[in-house]
Enquirer: 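One structure coming up, written as structure tokens, with questions to follow.
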Number of protein chains: 2
Amino acid sequence: MITRETDYAIRAMLYLAHHAGEGAISAAEVAEAMDIPYRFLRRILLRLVGKELLVSTRGKQGGLRLARNPEMVSLLDIVQAMDPEVITLNSCVLKSALCTRSSYCAVHDELCRIQIFVNAELGAISLARLVKHESGREDDLPQR
Amino acid sequence: MITRETDYAIRAMLYLAHHAGEGAISAAEVAEAMDIPYRFLRRILLRLVGKELLVSTRGKQGGLRLARNPEMVSLLDIVQAMDPEVITLNSCVLKSALCTRSSYCAVHDELCRIQIFVNAELGAISLARLVKHESGREDDLPQR
DNA sequence: GCCATATGATACTATCTTCGTATCATATGC
DNA sequence: GCATATGATACGAAGATAGTATCATATGGC
Ligand code: FES
Ligand code: FES
């Protein structure tokens, strides 16, 4: 399950992708536009900077911008940056030791198979694709 | 994310599928064989009976058995029985109202697409298939 | 230089969820 | 009638989640 924190991270990245090439954008602007509690968002952005998905500039006129092209950032990148354990269907997918049946559990194989598919799908969804997909409904988007 | 409770439910169903046609099996036996806390399992089994995945017999010689053929019970059935909100990648997949962007959020569509796939996959995995898959490693299985 | 504005870093708290336990009631076979 | 089994809830500890608060530090413009 994608947590709300990760959901916010995705929305923030999406907003910054929409305004890529417009220079640094402040956390306050993102918070208001995307309807995210400001202080909560600050901590999230800090993390995204630390994971090198964003670059920040301090001081007046400072703010955030994408560290890479929107084509080069996937949903998986964001999800993994926020939560190292990602979405994982079942914890045994990560640590099979948790399941005492792990040496012979057929469920494990099936879940891993699905998990691999999910990760591949998330990895294939770039911010650019999402932006493009939304651009057809430009009117609905919060304007700067 | 599949919770541990649901994981236990799957293991219990799997054990009962392995011993389908052998009459009622007690919760105590399942608990010991599958390494699940007895009282916790009791509550889980109660739920599975309520959702009509299991049928129970009370009193001496009583216990549980599958309500349907192992071919007719999927992982999705079990997961849905334990947690109505299933695995859901993101809560907005369920209640789009939660996301203020829901009317135009491209993420939503993508997540729903993946979710549908995951559910279809889980729905295609029957207990019979899992039992069959494990039967090649019969030696590893806890014996009755 | 000073100050408004911006991020960096971390500590703290309330609430919810998860995992598990405990208790008592009820049914049934021998 | 009694051991054995499930039915139904209530309770509790621990952890995760969502959000707040506080301080430090950098920087552009006056
Ligand atoms: S290894 Fe995951 S349920 Fe068994
Ligand atoms: S509707 Fe789910 S992230 Fe927007």
Side-chain angles (χ1 to χ4, degrees), chain A residues 1-12 16 23-32 34-65 67 79 82-88 90-92 94 98-99, chain B residues 1-12 16 23-32 34-67 79 82-88 90-92 98-99:
Chain A
M1 177 75 128
I2 291 175
T3 160
R4 187 184 296 230
E5 192 173 22
T6 301
D7 189 83
Y8 287 162
I10 294 172
R11 294 195 218 172
L16 293 170
I25 292 178
S26 73
E29 177 180 333
V30 178
E32 203 195 354
M34 293 288 96
D35 199 26
I36 304 171
Y38 172 70
R39 289 171 193 281
F40 197 22
L41 176 63
R42 286 290 311 284
R43 210 178 50 187
I44 292 168
L45 293 174
L46 207 62
R47 178 141 208 178
L48 293 173
V49 170
K51 296 287 180 175
E52 296 182 309
L53 290 180
L54 294 177
V55 285
S56 63
T57 323
R58 285 163 81 152
K60 227 164 179 172
Q61 314 301 333
L64 295 307
R65 62 207 152 73
V79 169
M82 294 309 296
D83 186 352
E85 302 213 343
V86 206
I87 303 182
T88 25
N90 195 352
S91 46
C92 74
L94 287 170
L98 286 183
C99 178
Chain B
M1 176 75 129
I2 292 174
T3 161
R4 186 185 297 235
E5 193 174 21
T6 301
D7 189 83
Y8 286 161
I10 294 171
R11 294 194 218 172
L16 292 171
I25 292 178
S26 74
E29 177 180 334
V30 177
E32 203 195 354
M34 295 287 96
D35 200 27
I36 304 170
Y38 171 72
R39 289 170 193 280
F40 198 20
L41 177 63
R42 284 290 311 284
R43 210 179 49 188
I44 293 167
L45 294 174
L46 206 61
R47 178 141 208 178
L48 293 173
V49 169
K51 296 286 180 175
E52 296 183 310
L53 290 181
L54 293 177
V55 284
S56 62
T57 323
R58 286 163 82 152
K60 224 164 182 175
Q61 314 301 331
L64 295 308
R65 62 207 150 75
L66 295 184
V79 169
M82 294 310 295
D83 186 351
E85 303 213 343
V86 206
I87 303 184
T88 25
N90 195 351
S91 45
C92 72
L98 286 183
C99 179

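A, B, ... follow the sequence lines: proteins, then strands. Residue 1 opens every chain.
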Enquirer: Rounding to a whole Å, what distance do you find between B/R47:CZ and D/dT6:P?
Expert: 19 Å

Enquirer: Using the test side chain to side chain donor-acceptor pair (under 3.5 Å), find all partners of B/R42 that sit at least two apart in sequence or belong to another chain.
Expert: B/Y38

Enquirer: Determine to 10° how strongly the helix from C/dG1-D/dC30 to C/dC30-D/dG1 is bent, judged from the axes of its five-pair ends.
Expert: 0°

Enquirer: Give the rounded distance in Å between these two atoms: CG of B/L48 and P of D/dG7.
Expert: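 It is 11 Å, rounded to the nearest whole Å.
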
Enquirer: Does atom CZ of A/R65 have more than 12 heavy-atom neighbours from other groups under 6.0 Å away?
Expert: no

Enquirer: Given side chains that start at C-beta, do those of A/V30 and A/L41 come closer than 4.5 Å, heavy atoms only?
Expert: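 In short, these two side chains touch, coming nearer than 4.5 Å.
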
Enquirer: Kindly give the heavy-atom pair with the smallest separation between A/A24 and A/G62, and that separation in Å.
Expert: CB-C, 3.8 Å

Enquirer: Go through the steps for A/R43 and A/E5 under the test salt bridge (Lys or Arg N to Asp or Glu O under 4.0 Å), then give the verdict.
Expert: CA-CA 10 Å; A/R43 210 178 50 187; A/E5 192 173 22; 3.8 Å; yes

Enquirer: Between B/L16 (CG) and D/dT6 (C1'), how many Å, whole number?
Expert: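 Roughly 14 Å, once rounded to whole Å.
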
Enquirer: Rounding to a whole Å, what distance do you find between A/M82:CE and D/dA16:C1'?
Expert: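 Nearest whole value for this atom pair: 14 Å.
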
Enquirer: May I have the distance from A/E29 (atom CD) to C/dT5 (atom P), rounded to whole angstrom?
Expert: 15 Å

Enquirer: Any protein N or O atoms within reach of nucleotides 17-24 of chain D? Criterion: under 3.5 Å, listing atom names and distances.
Expert:
from, atom 1, to, atom 2, distance (Å)
D/dA18, OP1, A/R4, N, 3.3
D/dA18, OP2, A/T3, OG1, 2.2
D/dA18, OP2, A/R4, N, 3.3
D/dG19, OP2, A/Y8, OH, 3.3
D/dG19, N7, A/R43, NH2, 3.2
D/dG19, O6, A/R43, NH1, 2.5
D/dT20, O4, A/R43, NH1, 3.4

Enquirer: Would a 4.5 Å heavy-atom cut-off, applied to side chains only, mark A/K51 and A/M82 as touching?
Expert: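 No, side chains not in contact.
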
Enquirer: Quick one: are B/L66 and B/L54 in side-chain contact, heavy atoms under 4.5 Å?
Expert: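 They are in side-chain contact.
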
Enquirer: Does D/dG7 have OP1 or OP2 under 4.0 Å away from a side-chain N or O of B/S56?
Expert: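 Answer yes for this pair, as a side-chain N or O of B/S56 is under 4.0 Å from OP1 or OP2.
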
Enquirer: Rounded to whole angstrom units, what separation is found between the NZ atom of A/K60 and the P atom of C/dC2?
Expert: 16 Å

Enquirer: Are any non-hydrogen side-chain atoms of B/L64 and B/L16 less than 4.5 angstrom apart?
Expert: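 A side-chain contact exists here, since the closest heavy-atom pair is under 4.5 Å.
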
Enquirer: Tell me what B/A28 touches on the nucleic acid: a base, only sugar-phosphate, or nothing, going by heavy atoms under 4.0 Å.
Expert: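 No contact at all - B/A28 keeps every heavy atom at 4.0 Å or more from the nucleic acid.
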
Enquirer: For A/L46 and D/dT25, give me the distance from atom CG to atom P, rounded to whole Å.
Expert: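 In whole Å, D/dT25 P and A/L46 CG are 15 Å from each other.
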
Enquirer: Which is true for A/L45 with a 4.0 Å heavy-atom rule: it touches a base, it touches only sugar-phosphate, or it touches nothing?
Expert: nothing

Enquirer: Could you check whether any side-chain heavy atom of A/R11 comes within less than 4.5 Å of a side-chain heavy atom of A/Y8, counting everything from C-beta outward?
Expert: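 When only atoms from C-beta onward are counted, A/Y8 and A/R11 do touch, with a gap below 4.5 Å.
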
